[in-house]
Amino acid sequence: MLKVGLIGFGFMGRMHFDNYVRLTEEGAPVQLAAICDLMIEELKNGKASGNMATGQEVYDLSPYNLYDSIEKMLENEELDIVDITLPTYLHAELTCSLLEKGLHVLCEKPVAGNSADGWKMAQAAERTGKTLMIGQCLRFWPAYEYLKTVVDDNRFGAVTGGYFFRGSAAPKGWFLDGSKSGGAVLDMHIHDTDMIHWLFGKPEQVSTLARNVIPGSGYDTVSTNYVYPDGKVLNAQADWTLEGDFGFAMTYRVNFEGGNLLFENGQVKVNPNNEPGFVADLSPDMGYYRQIKYFLESVNAGTPVSVCMPESAVGTLEIIEAELRSADERGALIRL
């Protein structure tokens, strides 16, 4: 039985909580033993906002050991895994410390605020032999897993171009301090940059246009072109400024020599050039559930993770850093 301590009980912490409860109900060998947050007494009776709905608005945490101190939790609990859903700027030091204490770590994306800290995390995992996985959840999202399969098996030939987008209103709190969150580029856009990295490897160059709209938040709207040796035309955009009734959107359109895929409104439409189109049959599960399940199965079996290794997540962050340099230079081509 794997015992888990969850650190952070905001929106993403609750999303992870929901999936630990589900996995326990399904008979997975896991026990969510403890939850830690500096504001745990306030949060356990309040709501947490995010761009997707959590399972509940207010949570009954009476079955769990609650802490407002990480040190107290580690002193009092015999844990196998710690799940970190804290703000980005707190990831690196805590992750390295937990790995050194002999704990496996699932850390929410992005891996860290900068690639240097990300490499420290990856090196700590290698040195200690403990499992570290970064929650780049799109790698486990059915619509994007399907795209990965189509790219890898070459069923429609080579990719000729593609477009990725996600957008919503701006989040609240620490996210709007660009020095802590990295703005929309590091918090939101990194999902699609990671997907492009996962699908095609690192680009040769990037060119990014971005703009700050909300004072102090970093870049709030971004558009990046990714340059590859084969000349495929790839662009990814993100926007934190979609207020009003917009809600949340994530989409992609990828063109192949022999067809195209379009993901919007929760469906993937497959359009072969010379055959009738169809809607792909996808799992209804979200990537959060699938990534936690995969991580637990890997730890339980004693096998390394391969879908989202920390080194790969740091590679994505290196692309993001190149994008930020390009944005600072008004779209200049930056070589990786």
Side-chain angles (χ1 to χ4, degrees), residues 1-46 48 54-56 58-109 111-112 117 120-122 124-135 137 288-289 291-305 308 310:
M1 179 70 69
L2 296 171
K3 290 190 175 182
V4 179
L6 175 62
I7 301 180
F9 200 64
F11 165 71
M12 193 52 64
R14 295 173 195 223
M15 187 68 77
H16 283 219
F17 175 95
D18 291 339
N19 287 296
Y20 284 116
V21 171
R22 174 181 170 182
L23 286 161
T24 300
E25 292 172 347
E26 292 174 349
V30 62
Q31 177 191 359
L32 180 58
I35 302 170
C36 180
D37 194 292
L38 283 172
M39 301 171 60
I40 191 63
E41 289 301 317
E42 178 180 340
L43 289 171
K44 71 179 183 181
N45 296 313
T54 53
Q56 306 170 55
V58 178
Y59 286 77
D60 176 14
L61 301 185
S62 57
Y64 307 94
N65 295 329
L66 304 181
Y67 297 91
D68 60 8
S69 161
I70 296 171
E71 291 74 18
K72 290 178 183 177
M73 182 182 77
L74 296 177
E75 287 174 4
N76 289 280
E77 303 289 339
E78 294 185 2
L79 302 173
D80 302 292
I81 293 169
V82 173
D83 184 333
I84 300 172
T85 63
L86 292 175
T88 304
Y89 63 95
L90 299 174
H91 288 181
E93 182 177 353
L94 177 58
T95 294
C96 291
S97 172
L98 293 168
L99 291 167
E100 295 289 353
K101 293 178 186 299
L103 295 161
H104 304 287
V105 178
L106 175 61
C107 179
E108 254 304 317
K109 66 80 178 120
V111 54
D117 280 348
K120 290 177 184 177
M121 296 163 66
E126 183 177 3
R127 182 173 60 253
T128 61
K130 295 301 175 181
T131 300
L132 168 62
M133 193 174 89
I134 309 304
C137 63
Y288 306 118
Y289 167 79
Q291 78 177 4
I292 293 172
K293 185 173 186 288
Y294 170 82
F295 176 73
L296 295 174
E297 289 172 348
S298 297
V299 171
N300 198 48
T303 56
V305 297
C308 197

How many angstroms lie between atom CG of Leu86 and atom CD of Glu108, to the nearest 0.5 angstrom? 10.5 Å
What's the separation between atom SG in Cys107 and atom CE in Met121, rounded to the nearest 0.5 Å? 4.0 Å
For Glu78, does the CD atom have more than 12 heavy-atom neighbours from other residues, nucleotides or ligands under 6.0 Å away? no
For Ala33 and Leu79, the nearest pair of non-hydrogen atoms, with its separation, is CB-CD2, 4.3 Å
Those residues that, when tested against Ser62, pass side chain to side chain donor-acceptor pair (under 3.5 Å) (two or more places apart): Asp60
Heavy atoms, side chains only, cut-off 4.5 Å: are Asn76 and Asn65 in contact? no
How long is the straight-line distance from CG of Leu74 back to OG of Ser69, given to the nearest 0.5 Å? 8.0 Å
Checking Leu94 against Ile70 for the side-chain contact (heavy atoms from CB on, under 4.5 Å) test, could you report, in this order, the C-alpha distance in whole Å, the side-chain angles of both residues, the deciding distance, and whether it holds? CA-CA 10 Å; Leu94 177 58; Ile70 296 171; 3.9 Å; yes
Looking at Ile81, is its backbone amide N or carbonyl O close enough to the side chain of His104 to form a donor-acceptor pair, meaning the two atoms are under 3.5 Å apart? no
Within the structure provided, determine whether Phe17 and Leu61 are in side-chain contact (heavy-atom separation under 4.5 Å). yes
Taking the side chain as C-beta and beyond, is there a heavy-atom pair between Thr131 and Val305 under 4.5 Å? yes
Pairwise distance NE2(His16) to CD1(Ile84) - rounded to 0.5 angstrom: 11.0 Å
Is the shortest side-chain heavy-atom distance between Leu23 and Lys293 below 4.5 Å? yes
Side chain to side chain, Asp83 and Ile7, heavy atoms closer than 4.5 Å: no
What one should report as the nearest heavy-atom pair of Asp117 and Ala112 is CB-CB, 3.9 Å
Nearest non-hydrogen partners of Phe9 and Ile35, listed with the distance: CD1-CG2, 3.9 Å
If you look only at pairs with a residue in residues 87-105, which of them pass as a salt bridge (Lys or Arg N to Asp or Glu O under 4.0 Å), with sequence neighbours excluded? Glu100-Arg127
Donor-acceptor pair, distance only, cut-off 3.5 Å: does the side chain of Asn300 make one with the backbone of Leu296? no
Under the side chain to side chain donor-acceptor pair (under 3.5 Å) test, which residues partner Ser97, sequence neighbours left out? none
Asp68 side chain to Ile40 backbone, donor-acceptor under 3.5 Å: no
Met133 and Tyr294, any side-chain heavy atoms less than 4.5 Å apart: yes
Say whether Glu77 and Tyr67, considering side chains only, have a donor N or O and an acceptor N or O under 3.5 Å apart. yes
If you measure from CG on Asp80 to NZ on Lys130, what distance do you get to the nearest 0.5 Å? 8.5 Å
Could you check whether any side-chain heavy atom of Cys96 comes within less than 4.5 Å of a side-chain heavy atom of Leu99, counting everything from C-beta outward? no
Correct closest heavy-atom pair for Gly135 and Lys109 would be O-CG, 3.4 Å
Can you list the steps and then say if Thr24 with Leu32 is a side-chain contact (heavy atoms from CB on, under 4.5 Å)? CA-CA 8 Å; Thr24 300; Leu32 180 58; 5.8 Å; no
Leu132 versus Ala125, closest heavy-atom pair with distance: CB-CB, 3.7 Å
Drop me the distance from Arg22's CZ to Ile292's CD1, to the nearest 0.5 angstrom. 10.5 Å
Looking only at side chains, do Asp18 and Tyr59 share a donor and an acceptor under 3.5 Å apart? yes
